[in-house]
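Have a look at the structure below, then the notes.
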Amino acid sequence: AFPEHQISARLERDFGKAKTRPGRLELRREISEIKDHDSKEMALMTALEVADQGGISDEEMKVLRECAGILGLDLNKYL
């Protein structure tokens, strides 16, 4: 649905935000604004795909659980 260069640019932007407290707060707010179930699932699956490159670390699992909670999804159903 999106060209690869747009996806790459978005990931770079979001990874940069994740490095600061204000950036992480902004990302949490963006995640909480996702309303429809399909988009929530796609967001979580994308996060899982990124985190699973080389295996999911404990820190990554912590963030994934937080994201799933914000989205109102059960992370265990998607692992």
Side-chain angles (χ1 to χ4, degrees):
F2 294 100
E4 186 174 333
H5 72 278
Q6 282 183 329
I7 295 170
S8 295
R10 178 65 189 246
L11 286 172
E12 286 296 319
R13 183 194 76 140
D14 289 350
F15 286 146
K17 284 184 183 181
K19 294 178 182 179
T20 67
R21 287 182 184 101
R24 288 190 297 273
L25 178 61
E26 185 178 342
L27 289 171
R28 285 185 193 100
R29 287 180 179 157
E30 287 180 21
I31 292 168
S32 71
E33 291 173 359
I34 300 171
K35 299 300 178 202
D36 71 276
H37 187 75
D38 288 346
S39 294
K40 288 179 180 188
E41 286 186 318
M42 187 58 69
L44 184 58
M45 293 303 292
T46 300
L48 278 163
E49 193 65 28
V50 171
D52 201 21
Q53 300 304 305
I56 300 174
S57 70
D58 291 341
E59 184 64 28
E60 289 169 324
M61 185 60 73
K62 179 181 169 186
V63 172
L64 289 167
R65 289 196 188 287
E66 181 180 3
C67 290
I70 293 169
L71 293 167
L73 299 173
D74 179 2
L75 179 61
N76 293 322
K77 291 182 178 180
Y78 300 92
L79 292 175

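Atom set for the values below is all heavy atoms of this structure, side chains included, hydrogens, waters and symmetry mates excluded. Numbering of residues begins at 1 and proceeds along the displayed sequence.
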Table please: side-chain donor-acceptor pairs of residues 45-57 below 3.5 Å, with sequence neighbours left out.
{"residue": "T46", "atom": "OG1", "partner": "M42", "partner atom": "O", "Å": "2.8"}
{"residue": "Q53", "atom": "NE2", "partner": "E49", "partner atom": "O", "Å": "2.9"}
{"residue": "S57", "atom": "OG", "partner": "E60", "partner atom": "N", "Å": "3.1"}
{"residue": "S57", "atom": "OG", "partner": "E60", "partner atom": "OE1", "Å": "3.3"}

Give the table of side-chain donor-acceptor pairs shorter than 3.5 Å for residues 21-28, with sequence neighbours excluded, one pair per line with atom names and distance.
{"residue": "R24", "atom": "NH1", "partner": "A18", "partner atom": "O", "Å": "3.0"}
{"residue": "E26", "atom": "OE2", "partner": "K17", "partner atom": "NZ", "Å": "2.7"}
{"residue": "R28", "atom": "NE", "partner": "E66", "partner atom": "OE2", "Å": "2.4"}
{"residue": "R28", "atom": "NH2", "partner": "E66", "partner atom": "OE2", "Å": "3.4"}

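The side chain to side chain donor-acceptor pair (under 3.5 Å) check on D36 picks up S39, with sequence neighbours excluded. Taking D74 as the reference, nothing meets the salt bridge (Lys or Arg N to Asp or Glu O under 4.0 Å) condition, with sequence neighbours excluded.
Of all heavy-atom pairs between A68 and L75, the closest is CB-CB, 3.8 Å.
Following chains of ILVMFWY side-chain contacts shorter than 4.5 Å, one cannot reach F15 starting from L64, and the two form parts of different hydrophobic clusters. Note: the hydrophobic cluster containing I34 also contains Y78 (ILVMFWY, side chain heavy atoms under 4.5 Å, direct or indirect links).
Residues E33 and I70 are not in side-chain contact: their nearest non-hydrogen atoms beyond the backbone lie 4.5 Å or more apart.
Residue R65 holds its CZ atom at 13.0 Å from CG of L73, rounded to the nearest 0.5 Å.
The salt bridge (charged side-chain N to carboxylate O under 4.0 Å, His left out) contacts involving residues 37-47 comprise nothing, where partners must be two or more places apart or lie in separate chains.
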